[in-house]
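Below: the structure, in structure tokens.
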Amino acid sequence: MRRFALLSLFLACANSYAATLNIISADSRADAPLGVSVSGVRPTDVVELRLAMRDSKGTRWRSNAVYRADLEGRVDPSTTAAEAGSYTGVDQTGLFWSMKPDGAGRPSPFPIKRRDGDLRFEPAIFTLEMVIEGNVAETVELRRWIDGEDVSAFTVESPGLVANIYAPRGVLTDGRRHPVVITLGGSEGGIESANMYAAWLASHGFLAMSVAYYRMPGLPKDLVRVPIDPVSVAVDWLQEQSYVDASGIGVLGGSWGGTIAMAAASHDQRLRAVVSIVGSPAPFRGIRRDIAPADFRAVDEPGLTLKGNDLPFLPYREDSRWLDEEDATAQSALKSAMLPIENINGPLMLVAAGDDRLGFSGEMAAVASRYLAKHHRDKSDEIVYFSDAGHLISPFWQPTSYRHDLGPYLQVGGTPTGYARADREGGAAVIRFLRSALKSNRDSLPASK
């Protein structure tokens with residue numbers, strides 16, 4: 001009789017377990033933690049999570065991870081190690097970066113689509129499945145936003161500017177002055193990359209202004225003798241706006257945009273913080289789109305100008321050794337091409353990749369560090385370095401499995417895990433840096449009438 005009672009109690013306890021998929025929010029930023037956990041399973045039970053999405057071309061990407069529940073019957077990818085699947089170990093971004101396509105892969109598969117008739121972006125849709133004993137027990141849809149419902153955007157109408165404003169809710173109408181970040185894209189040209197940076201910053205509470213500098217109507221077709229003056233024109237415009245704190249204007253750029261950000265701030269003291277993501281403190285050669293390969297090896301002309309004057313540039317060298325102080329030729333060229341970054345009127349952050357085979361950002365960050373040390377700069381400069389990442393660092397959590405492969409001409413470098421760490425940590429570091437650098441004594445004061 002007692003044995004029967006114990007057996008009944010055991011079966012009752014066993015049947016009381018009910019696996020639950022917990023979601024902090026089905027809507028989250030594209031750089032936010034997954035916010036997913038499983039509870040209600042038996043201690044040490046095995047749980048599988050499967051993630052899927054379709055990229056901008058319609059290709060389906062998938063990942064999966066197999067976890068073992070802890071002694072409280074919980075699984076949390078931010079603390080629970082994946083024992084098998086598309087990645088292993090503890091990695092809260094693992095289900096994102098380890099995704100692989102059903103067909104041919106693409107380097108940057110994050111679904112990027114504008115909302116109809118809007119400068120803002122549609123959310124990327126992910127499907128998450130919880131699998132217990134081989135059966136799909138629950139399915140949820142997750143939406144990952146570059147900007148979000150609380151961000152507004154509009155086009156700037158001003159001579160000499162191709163620009164857009166991205167603003168968190170209330171910033172334009174709360175009667176206060178706010179810091180602002182100007183954003184610049186890379187050698188792909190246009191304004192879409194700058195828009196994504198600006199939308200991303202706005203999702204973190206920053207007022208941001210995307211600015212185009214070439215490959216747009218009225219702007220140069222090629223990255224040859226491209227004026228950096230639009231950055232200062234943007235500052236002029238921003239200083240006239242009642243919601244902008246003129247003492248808190250920064251600039252952020254990626255790749256060539258990072259170089260332009262440093263160049264502009266080196267000559268415009270009104271810029272108070274600079275973020276260069278895989279940019280170079282010494283400009284490389286220009287780019288002509290009709291000459292293959294379309295990178296800095298294609299032409300022997302300057303990429304940038306300021307007030308109509310050419311900015312010096314580094315010559316192309318197959319065996320570039322810009323850190324070798326015994327190489328007199330290299331050091332002479334470097335001295336001539338270096339931007340006067342010691343003049344930047346605020347802190348400088350360099351996000352650099354050790355395996356950057358396109359822009360050599362790791363090597364050039366070391367060049368910048370030596371240069372600034374020799375000039376005894378007293379600003380709170382930072383270098384964020386990822387040894388195994390390549391040129392295509394992104395602030396969004398997305399698949400990295402094909403990002404290193406751009407084809408036979410452009411080698412960008414990096415490993416899937418290296419890019420994953422750079423994406424996870426780099427964007428967060430940029431947000432922290434800008435919040436600190438653009439703290440303003442006036443951003444809580446009413447705007448002047």
Side-chain angles (χ1 to χ4, degrees), residues 30-31 55 61 86-87 91 93-94 96-101 104-110 112 184-189 193 196-197 200 223 252-259 261 275-285 287 293-298 314 316-323 349-369 382-430:
D31 63 343
D55 66 21
W61 292 67
S86 51
Y87 82 98
D91 187 340
T93 61
F96 288 105
W97 70 256
S98 67
M99 299 180 88
K100 293 184 178 178
R106 297 172 57 243
S108 298
F110 191 85
I112 297 169
L184 306 165
S187 62
E188 70 283 352
S193 294
M196 285 189 287
Y197 281 134
W200 167 63
L223 213 167
L252 173 151
S255 189
W256 266 94
T259 299
V275 175
S276 169
I277 301 174
V278 297
S280 172
F284 293 109
R285 296 162 64 173
I287 298 171
D295 64 10
F296 56 83
R297 292 169 290 184
L314 287 174
Y316 176 70
R317 297 181 62 182
E318 282 285 351
D319 57 343
S320 61
R321 292 161 49 183
W322 307 116
L323 289 170
M349 168 179 270
L350 297 170
V351 180
D355 193 31
D356 183 348
R357 303 178 196 178
L358 184 61
F360 310 108
S361 60
E363 182 178 3
M364 299 315 293
V367 166
S369 179
E382 293 186 34
I383 295 178
V384 180
Y385 175 70
F386 301 100
S387 60
D388 51 352
H391 192 70
L392 299 182
I393 293 174
S394 162
F396 310 132
W397 293 10
Q398 58 176 306
T400 63
S401 49
Y402 285 80
R403 201 182 297 177
H404 63 284
D405 186 9
L406 277 184
Y409 295 117
L410 297 181
Q411 299 296 316
V412 295
T415 66
T417 54
Y419 274 123
R421 184 170 74 93
D423 291 359
R424 180 176 67 247
E425 299 177 12
V430 167

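What you see is a predicted model; the values in this text were computed from it and never measured.
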Exercise. For L350 and A368, work out which heavy atoms get closest and say how close.
Key: CD1-CB, 3.5 Å

Practice problem: Measure across H404 and V412 and return the closest heavy-atom pair with its distance rounded to 0.1 Å. | Solution: O-CG2, 3.4 Å

Quiz item: Who passes side chain to side chain donor-acceptor pair (under 3.5 Å) against T93, sequence neighbours left out?
Solution: D91, R424

Practice problem: Nearest 0.5 Å please: distance from the CZ atom of F110 over to the CE atom of M196. | Solution: 9.5 Å

Self-check item: Approximate separation, where rounding is to 0.5 Å, of F96 CZ and Y87 OH
Solution: 10.5 Å

Exercise. Output all residues satisfying side-chain contact (heavy atoms from CB on, under 4.5 Å) with S369, sequence neighbours left out; order by chain, then residue number.
Key: I383

Quiz item: Is there a side-chain contact between V367 and L323 (heavy atoms, below 4.5 Å)?
Solution: yes

Quiz item: For the side chain of T259 and the backbone of S280, is there at least one donor-acceptor N/O pair under 3.5 Å apart?
Solution: yes

Quiz prompt | Exercise: identify the closest heavy-atom pair between P416 and T400 | solution = O-OG1, 2.8 Å

Practice problem: Mind checking side-chain contact (heavy atoms from CB on, under 4.5 Å) for S394 and listing every partner two or more places apart, or none if nothing turns up? | Solution: F396, Q398, R403, D423

Quiz prompt | Nearest-0.5 Å distance that lies between atom OG in S255 and atom NE2 in H391 | solution = 3.0 Å

Quiz prompt | Sequence-distant partners of A429, side-chain contact (heavy atoms from CB on, under 4.5 Å), two or more places apart | solution = M349, V384, R432

Quiz prompt | Least distance between heavy atoms, S193 atom then E188 atom | solution = OG-OE2, 2.7 Å

Quiz item: If you measure from NZ on K100 to OH on Y402, what distance do you get to the nearest 0.5 Å?
Solution: 6.5 Å

Quiz item: Do S401 side-chain atoms and M99 backbone N/O form a donor-acceptor pair below 3.5 Å?
Solution: yes

Quiz item: Do you know which two heavy atoms are closest between G362 and Y385, and how far apart they sit?
Solution: CA-CE1, 4.1 Å

Quiz item: Is the backbone N or O of A352 less than 3.5 Å from a side-chain atom of S361, with the two atoms forming a donor-acceptor pair by type?
Solution: no

Practice problem: Name all pairs fulfilling the salt bridge (Lys or Arg N to Asp or Glu O under 4.0 Å) condition that reach into residues 412-422, sequence neighbours left out, sorted by first residue then second. | Solution: R421-E425

Quiz item: Is the shortest heavy-atom distance from the side chain of W200 to the side chain of V430 under 4.5 Å?
Solution: yes

Self-check item: Reported CZ-to-CH2 distance for the pair F360 and W322, which is rounded to 0.5 angstrom
Solution: 9.5 Å

Quiz item: For the atom pair CG (L184) and OH (Y197), what is the distance rounded to the nearest 0.5 Å?
Solution: 9.5 Å

Self-check item: Closest heavy-atom pair and its distance - L314, F284
Solution: CD1-CE2, 3.8 Å

Self-check item: Results of side-chain contact (heavy atoms from CB on, under 4.5 Å) for A389 - residues two or more places apart only
Solution: A353, F386, I393, Y419, A422

